There are 2 protein chains.
Amino acid sequence: MSRRGGDTVQDRIVALIHERRLEPGAPMPTEPQLMDLLGASRNSVREAIRALQALGIVEIRHGYGTFIGHASLDVLSPSLEFRIRTGAQGGIRALHDLVEVREILETGLIAKVATTTSASRLSALDALVTALQTDPEADRAFHALLYESCGNELVLQLIDLFWRVYHQVESAVGAPAERTHDIVANHRRIVDALRAQDAAGAQDAMRRHFRDVKERIAHAQAAQEGAAA
Amino acid sequence: MSRRGGDTVQDRIVALIHERRLEPGAPMPTEPQLMDLLGASRNSVREAIRALQALGIVEIRHGYGTFIGHASLDVLSPSLEFRIRTGAQGGIRALHDLVEVREILETGLIAKVATTTSASRLSALDALVTALQTDPEADRAFHALLYESCGNELVLQLIDLFWRVYHQVESAVGAPAERTHDIVANHRRIVDALRAQDAAGAQDAMRRHFRDVKERIAHAQAAQEGAAA
DNA sequence: CCGCATTTGTCCGTATGTATA
DNA sequence: TTATACATACGGACAAATGCG
């Protein structure tokens, strides 16, 4: 029932939000109110709200109320993770596609921020590069901080989403054979190019970084095929 | 209850899918079976399934059954559209971010396919360019056909998703002041560069295309601010 | 074409847990 | 602590849609 069309309970709730100009954080009507407004039973209203919650359009706080959400992109995490894990070849193909999207996004963005990265940000990036050797979250923070100055919230959330999904399925699809030394070197090259305000050099460094990531995936694929034989 | 963790009904259903190695298109257990398997009531099972449906992980057919879905990215359409429409300044800022993501993706991809576009595909692109003047869907088909040879299903779905969301909110946020002549010229430049196997030229043509799109958005923003004054 | 079984959709009533005041 | 409002969960019942004999 939920697909295209304006007559489902779910769509009518979304229309109600837009009509009332409810902004993120604002309280939703309570379930009894929605039952009355939409002429639907509690069960139908609840199911529609659960679907909207899965999309990040509303947020439910236990025993308190339901509120307008921010529709953050990270609601796609379970869907993307599922997509990869059910993909052919144990999802390695889908994982490669995911990394390629990351590469396209980050090589495109790095050129935009290459000349607008402040000195303080550069030193913060330096600190994160050294932290890479011990803390895996430093890598996530590194890629997030890189593009913080671009002023595009959507692309920041996209990059963070893909980073999280990749590292979540990486462990499930097989050990990545981390070579910390190469990883640190790749990240340091990126920072060096930014410090020199060398956009093309930063793009090259980013491409090299992802080339190694894709090599690890290909290696995992070969190991998997070997195990299958 | 639905957030992170492995003890919710929703997460247990996903775990069940993975345990049974159910692939897209395969039938899910029926609601009574899930009630028995998970020890939950029918309402709880139904709400969890509705959330999974919203994520594209399952597909429900009334009176027939529930099946494993493909987790296609287009489930994000309502979420993205909501995100833009509730954004500041009537969503124009968010719309600009969306177009910028499209630009990054397409300028990055066009370089990858610049040398692998067959002659038959080029003539098909030519036909779509002429169709642009009458059929708005030709634009969508054009951008889809451009990258069909890249072999990355994920990025294809991303580009198509962003195209649809943009054109859906474009009408809601204000008339775009279409100038068909310029649009056709921009697309033709792209095809010409591909025919010459000129990757850099194709990127330039793509950037010019999106520069015009962003100009239209800025124009709509100025008109809106003028109306508010 | 019809009727049947299966499955999902909707609804009702009730009880329980939780957060706020 | 108590009271209230809210979300959560359960069980039962009937309606609607689909596929099949």
Side-chain angles (χ1 to χ4, degrees), chain A residues 1-17 20 22-71 75 78, chain B residues 1-17 20 22-71 75 78:
Chain A
M1 54 98 71
S2 81
R3 285 299 160 207
R4 301 282 164 244
D7 55 342
T8 71
V9 177
Q10 179 177 333
D11 292 329
R12 287 165 66 192
I13 292 179
V14 174
L16 186 72
I17 294 174
R20 298 193 173 185
L22 297 180
E23 296 181 2
M28 285 274 295
T30 66
E31 287 178 351
Q33 287 173 334
L34 285 176
M35 291 169 58
D36 194 43
L37 284 168
L38 306 178
S41 74
R42 183 188 303 268
N43 235 327
S44 302
V45 169
R46 283 186 55 79
E47 288 180 11
I49 288 183
R50 288 293 292 262
L52 292 178
Q53 184 202 23
L55 296 175
I57 293 180
V58 305
E59 286 178 5
I60 303 176
R61 288 188 227 172
H62 204 89
Y64 187 33
T66 307
F67 302 83
I68 311 295
H70 297 267
V75 298
Chain B
M1 54 97 67
S2 78
R3 283 299 161 207
R4 301 282 166 242
D7 54 342
T8 72
V9 176
Q10 180 176 333
D11 292 329
R12 286 165 67 191
I13 292 179
V14 174
L16 186 73
I17 295 174
R20 298 194 173 185
L22 297 180
E23 295 180 2
M28 285 274 295
T30 66
E31 289 176 353
Q33 287 173 334
L34 285 176
M35 290 169 59
D36 193 43
L37 283 168
L38 306 178
S41 73
R42 181 154 179 238
N43 277 338
S44 302
V45 169
R46 283 186 55 79
E47 287 179 13
I49 289 182
R50 289 293 293 261
L52 293 178
Q53 183 201 25
L55 296 174
I57 293 180
V58 304
E59 287 178 4
I60 305 176
R61 289 185 226 173
H62 190 167
Y64 189 32
T66 306
F67 302 83
I68 311 295
H70 296 266
V75 299

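Keep in mind the model is a prediction, meaning the values are calculated, not measured. In what follows, chains are A, B, ... by sequence order, proteins preceding strands, each numbered from 1.
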For B:Thr66, which residues count as a side chain to side chain donor-acceptor pair (under 3.5 Å) partner, sequence neighbours excluded?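 Partners of B:Thr66 under the side chain to side chain donor-acceptor pair (under 3.5 Å) test: none.
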Got a sec, which residues hit side-chain contact (heavy atoms from CB on, under 4.5 Å) with A:Glu23, two or more places apart in sequence or on another chain?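 Once residues adjacent in sequence are excluded, A:Glu23 has no partner under the side-chain contact (heavy atoms from CB on, under 4.5 Å) criterion.
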Taking the side chain as every heavy atom from C-beta outward, state whether [X] and [Y] have any pair of such atoms under 4.5 Å apart.
X	Y	answer
B:Leu34	B:Ile49	yes
B:Arg46	A:Asn43	no
B:Gln53	B:Val75	no

Minimum heavy-atom distance [X]-[Y], with the two atoms named:
X	Y	answer
B:Ala51	A:Ala54	O-CB, 3.7 Å
A:Ile13	A:Ala48	CD1-CB, 3.9 Å
A:Val9	A:Ala40	CG2-CB, 4.3 Å
A:Leu55	B:Pro78	CD1-CG, 3.9 Å

Dot-bracket for DNA chain D: what is it, with Watson-Crick or G-U pairs under 3.5 Å, [ ] where a pair crosses earlier ones, and | for a pair to another strand? .||||||||||||||||||||
Working for side-chain contact (heavy atoms from CB on, under 4.5 Å), residues A:Glu59 and A:His70: CA-CA 9 Å; A:Glu59 286 178 5; A:His70 297 267; 4.2 Å; yes
Measure the distance from CZ on A:Arg46 to P on C:dC11 and round it to the nearest whole Å. 15 Å
Taking atom C1' of D:dT8 as reference, at what distance in whole Å does atom CD1 of A:Ile49 sit?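 Rounded to the whole Å, the gap is 12 Å.
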Just to be sure I understand the geometry, which residues of residues 61-71 of chain B put a non-hydrogen atom under 4.0 Å away from DNA chain D?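 Those residues are B:His62, B:Gly63, B:Tyr64.
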Any chance you could measure B:Ile68, atom CD1, to B:Arg20, atom CZ, to the nearest 0.5 Å? 10.0 Å
As an exercise, state the distance from OG of A:Ser41 to CD of A:Glu31, rounded to the nearest 0.5 Å.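 So the OG of A:Ser41 and the CD of A:Glu31 are separated by 10.5 Å.
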Go through residues 25-43 of chain A and report each residue with a non-hydrogen atom lying under 4.0 Å from DNA chain C, sorted by number.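 The stretch gives A:Gly39, A:Ala40, A:Ser41, A:Asn43 as the residues lying under 4.0 Å from the strand, ordered by number.
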Could you check whether any side-chain N or O of A:Arg12 sits under 3.5 Å from a backbone N or O of A:Leu38, counting only pairs where one atom can act as donor and the other as acceptor? yes
Any side-chain N or O of B:Ser44 below 4.0 angstrom from OP1/OP2 of D:dT8? no
Please enumerate all protein N or O atoms sitting under 3.5 Å from an N or O of nucleotides 1-4 of chain D, with distances to 0.1 Å.
none

